Amino acid sequence: MKYNFTDIERKWQEYWEVNQTFRTPDLDDLDKSMPKYYVLDMFPYPSGEGLHVGHPEGYTATDIVARFKRMKGFNVMHPIGWDAFGLSTEQYAIKTGVHPKIRTEECISKFRQQLKSLGFSYDWQREVGTSNEDYYKWTQWMFLKIYNSFYDEKENKAKPIEELDIPNGFSEKEKYEFVNSKRLAYLADVPVNWCPELGTVLSNEEVPEQIEKGFSVIKRNMRQWNLRITKYADRLLNDLEDLDWPKNVKDIQRNWIGKSEGATVVFEIKDNKGEFRKVEIYTTRPDTIYGATYLILAPEHKLVREITDVENSDKVESYLEKATRKSDLERTELSKEKSGVFTGAYAVNPLSRTEIPVLVADYVLASYGTGAIMGVPGHDERDSEFARKLSLPIIPVVLPEGLSEEQKAEFIEKTSTGEECFTGEGISINSEMINGLKTPEAISKVIQWLVKNENGKETVNFKLRDWLFSRQRFWGEPFPIIHFEDGTFKALAEDSLPLKLPEGVSYKPSGTGESPLAGIADWVNTIDPVTGLEVKRETNTMPQWAGSCWYFLRFLDPKNEKTFCDKKLEEFWMPVDLYIGGQEHSVLHLIYARFWYKILYDLGYVSHTEPFTKLFNQGMILGEDGVKMSKSRGNVINPDDVVREFGADSMRLFEMFMGPLEATKPWSTKGIEGLNRFLRRTWRLVIDEDTGELNKKIVEDHDDVLIIKLLNKTIKKVTDDIEDGDMKFNTAISYLMIFVNELYKVEKFSREAIEKFILLLSPFAPHISEELWSRLGNSPSIQNVPWPSYDPELVKEDVVTLVFQVNGKIRSKQEMEFDTDEKALEDAALDNENVKKHILGKQIVKIITVKNKMVNIVVK
RNA sequence: GCCGAAAUGGCGGAAUUGGUAGACGCACCGGACUCAAAAUCCGGCGAGGCUCAAACCUCGUAAGGGUUCGACUCCCUUUUUCGGCACCA
């Protein structure tokens, strides 16, 4: 009777389903004396392609941990669902005419069946999909909560909009505008990233990915919904500190948030009517202010036209025109050659009182800081390049420390000509008020002066921008917002949710840059139930990221109709203990979800500040040829084929054996054959293939001491490898292999040894383990059996191999009893023939002895 | 350009409070079983030297240097690969 993985896997998958083996009990039925463990996968987007081999990699890892924790007695939460709204389904719909809803259901069925075929221990009762009405009802509800909140700067948290202080004496209209200007979700006419091929806007976070796919992205002014994520920049940054996340993901998020500390400084400019205007600039180096030889405004800066004089007006206008026509991409790409024009105006340096020219240049971004900078060409690379191009003067104001008089003179000479540009910290020179001060002191002295003279202040800036939250799509959550004819708008009442997508109608693009929903008159035109007025619905939809911001909460209470998640359940299960997914979500999902969660926290709906305690990124699986799998290369491995040919257990085992989880590694068909061979060997260890009976080598009485010791070591190794959180299951599997190899070498082994081994194997290869477990006469499921423990005494070695070195070179090895004392080790080393040969006629300088390891004899 | 990670046999990868480099698997080679093949089982397998053989010797963890009795492991320099950012003042 051979190892028939197809039958075995089908049999046990059915068993698990029928018996609801992996169902997580309701809160009241849990054993509260045991800790909880929430292990989560990044839920998949169910595309038409079906699962690829990359999906099972992370899913197998979480499944191993989930099964292990259950056997350890933890209360385990291990759910799965679908990130079901999204662009590619909609594009498929446009191409084929199949409604996105139907298409989504088809794809989900396929995914579900594929995931089940791999034997993952999900609690399928908790399955959720973001495009289900009873799910997106709560996404909309949360949007309303965000919309109806403002950020209290004093308490540093979001609060309900009702608690907002409205200044006295405002008219109704002013009140309305004031409140809208404070909401955490707001409509604004802002320059957005428009992608013509997709026919929608994109958030800043989404742009790089789409450009990589070959799509173009242009800046365009559009009235769009935004979420005020920038209010949370500091908290998103600081709270990263305590998370058990990969360092690089934290770095990527820190970088994206991009905090910089500096100062804003006010300069006076004479405008083209001869009046004085104030302009604020931002700098991280206020100590270099004496070296500012010009001032630059971004082309979009409000003051540009006001200060440009008649003489320079044509030149400036044409420059502005060119700049607006460039896309962001062009503007950065063409930036190798800096450009700019003089406005004719001069600004006064508030400290040195010197007059410096004001220019317009597109290397200054309107969207960062104040949209204006002071040009310090001696100490900023970009300013240096610009100054050299336009022959602007350069004044050195920072001297590196530790230079000789001669070097100083050379430094000043080279800096003045633009040959050198020193951007580091040093000592201020040519800077009246701060001469001789080191950079940090110089900075604080300048800031003090600015504050005292009301000429500026210390300022913090972030690269992070508000989250552009609307898309011109059909297949997403509609905004529960209605627009009145007079241009005002308001939110729908919470009890009117969900606001459903129209069914059975056109979802094709409108062609006007508006959402397809705009073309569905029946849906768009409606009556406000409160005022009875004719209104139009908001036609944009939310981005795909909305639903994934909180799905991990819905898993805890998927059927609740009264709330998105019962507070008690949230308190018990959150935060997620282990979250595994791809690195592509380092910004995007992982920053949006943290932000969303913090709002829910501020408003009192969740009880923790961060949703994911430990994050782990699985690496990519490459094709057999060592490059990324792609259809065009024809190197795609289909998991269905693998399961059919080798079985789910072999696939799971192989994906874990390939290397550490986070590594990028190539697929290997020969490699999976090896793991299949291992399982067949394991099978034959238990089952006599000729008779189908148990192997005669299995006996009831005890093993020899070597097998017992090896078993204990194997238990320790496998347990440690799963528990330490490094996700290096390859070494655990290699120990399982060693154990099997050893059992092949002995005449007999005990039932206990093989049973414990099967328990160790079960999280990795659950089907064969269940089968062998029950064939050994035990009752299923193996999931309910406690994880084996080891005896620390039996893990210790009896004999160790000592290494004898002479001058650090290995000259001999010798087996000796564990814990033999140093003196005996030395004697043994000195008595060794080969060692003697190498120290003959030489003088022993010293002997270094490390217990149970080595003896090194140093000779001269 | 800046930030981060990595580089070990023919291949995937083990080994770090500094102490036997190459566990385990793949590929390959040899043997057993077989009429034969597959499957299976047993053994070998970093490079080179010496040898009938064993023993033994030299080199070897991207490259170069350093610290140390001893370095894949720590420090410095360089190269390459991957990921992120890219006029953020």
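Note on naming: letters A, B, ... go to the chains in the order of the sequence lines (proteins, then strands), and numbering restarts at 1 for each one. Here the structure is a predicted model, which is why all the values come from computation and not from measurement.
- For Arg681(A), the listed nucleotide lying nearest its side chain is C41(B); candidates were C41(B), G13(B), C24(B).
- You'll find that the side chain of Ser734(A) is closest to C24(B), out of C24(B), U40(B), A89(B).
- Note on Asp821(A) versus Lys823(A): no salt bridge recorded, every NZ/NE/NH1/NH2 to OD/OE distance being 4.0 Å or above.
- When only modelled atom types and interatomic distance are considered, Ser339(A) and Tyr363(A) share no side-chain donor-acceptor pair under 3.5 Å.
- Here the separation of A32(B) from U16(B), taken at their C1' atoms, is 42 Å to the nearest Å.
- The side chain of Gln583(A) lies closest to G83(B) when the candidates are C69(B), G83(B), C85(B).
- For the residue pair Asn461(A)/Ser260(A), the side-chain donor-acceptor check at 3.5 Å is not satisfied.
- Rounded to whole Å, the separation between the P atoms of G66(B) and A14(B) comes to 31 Å.
- Contact annotation for Asp383(A): no contact, since no heavy-atom pair falls under 4.0 Å across all strands.
- In this structure, Asp251(A) reaches the sugar-phosphate backbone alone: every heavy-atom distance under 4.0 Å involves primed, P, OP1 or OP2 atoms, never a base.
- Between Phe678(A) and Phe657(A), the ring centre distance reaches or exceeds 6.0 Å.
- Comparing A21(B), A89(B), C56(B) by their nearest atom to the side chain of Ile810(A) picks out A21(B).
- Among the atoms of the strands shown, only primed sugar atoms or phosphate atoms (P, OP1, OP2) are found under 4.0 Å from some heavy atom of Asn741(A).
- A distance of about 29 Å separates the C1' atoms of C69(B) and U78(B), rounded to the whole Å.
- Residue Tyr363(A) places its side chain closer to A89(B) than to any other of G19(B), A89(B), A39(B).
- Among the nucleotides C41(B), G12(B), G84(B), the one closest to any side-chain atom of Phe657(A) is G12(B).
- Within 4.0 Å (heavy atoms only), Lys853(A) reaches sugar-phosphate atoms of the nucleic acid but no base atom.
- Tyr744(A) carries Arg681(A) over the face of its six-membered ring, with the cationic atom under 6.0 Å from the centre and within 45° of the normal.
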Quick one: the dot-bracket string of RNA chain B, using Watson-Crick and G-U wobble pairs with both distances under 3.5 Å, [ ] for crossing pairs and | for bases paired to another strand. (((((((..(((......[....))).(((((.......))))).((((......))))..(((((..]....))))))))))))....
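- Residue Arg684(A) has no polar side-chain atom (N or O) positioned under 4.0 Å from OP1 or OP2 of A39(B).
- Side-chain proximity of Asn255(A) to the nucleotides G13(B), U58(B), C85(B) is greatest for C85(B).
- Contact annotation: Lys846(A) side-chain N/O to U68(B) OP1/OP2 distance is not under 4.0 Å.
- Within 4.0 Å (heavy atoms only), Arg465(A) reaches at least one base atom of the nucleic acid.
- Counting only heavy atoms from C-beta on, Lys247(A) has its side chain closest to G4(B) among G4(B), U20(B), C42(B).
- Thr731(A) comes within 4.0 angstrom of sugar-phosphate atoms only, judged by non-hydrogen atoms across all strands, and of no base.
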Yes or no on side-chain contact (heavy atoms from CB on, under 4.5 Å) for Ile707(A) and Leu743(A), after CA distance, side-chain angles and deciding distance? CA-CA 8 Å; Ile707(A) 292 294; Leu743(A) 289 195; 3.8 Å; yes
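- Among the heavy atoms of the strands, none lies under 4.0 Å from Phe654(A).
- The side chain of Ser260(A) lies closest to A89(B) when the candidates are A89(B), G25(B), U40(B).
- Between Phe757(A) and Phe739(A), the ring planes lie parallel to each other; the angle is under 30°, not in the 30° to 60° tilted range.
- Within 4.0 Å of Ser367(A), counting heavy atoms only, lies no atom of the nucleic acid at all.
- Using a 4.0 Å heavy-atom cutoff across all strands shown, Lys463(A) reaches at least one base atom of the nucleic acid.
- Across all strands, Met658(A) comes closer than 4.0 Å only to sugar-phosphate atoms, never to a base (heavy-atom distances).
- When heavy atoms are screened at a 4.0 angstrom cut-off, His838(A) is found touching the sugar-phosphate backbone but no base atom.
- If you take CD1 on Ile637(A) and CE on Met629(A), they are separated by 5.0 Å, rounding to the nearest 0.5 Å.
- Counting non-hydrogen atoms under 4.0 angstrom, Gly674(A) reaches the backbone sugars and phosphates but no base.
- Counting only heavy atoms from C-beta on, Asn834(A) has its side chain closest to C56(B) among C56(B), A14(B), U40(B).
- No cation-pi contact links Lys338(A) to Phe386(A), judged by a cut-off of 6.0 Å to the six-membered ring centre and 45° from its axis.
- Per the geometry, CZ belonging to Phe729(A) stands 14 Å off P belonging to A14(B), to the nearest Å.
- Along RNA chain B, the nucleotide closest to Ile373(A) and the one closest to Asn248(A) are compared, and the more 5′ of them pairs with Asn248(A).
- Comparing Gly371(A) and Ser812(A) by the nucleotide of RNA chain B that holds the closest heavy atom to each, the one mapping nearer the 5' end is Ser812(A).
- Contact between Asp287(A) and Ala442(A) at its shortest, heavy atoms only, is CB-CB, 3.6 Å.
- Using a 4.0 Å heavy-atom criterion, one finds that Ile738(A) contacts the sugar-phosphate atoms exclusively.
- The separation of U67(B) from U73(B), taken at their C1' atoms, amounts to 14 Å, rounded to a whole angstrom.
- No contact: Arg254(A) has no heavy atom under 4.0 Å from any strand.
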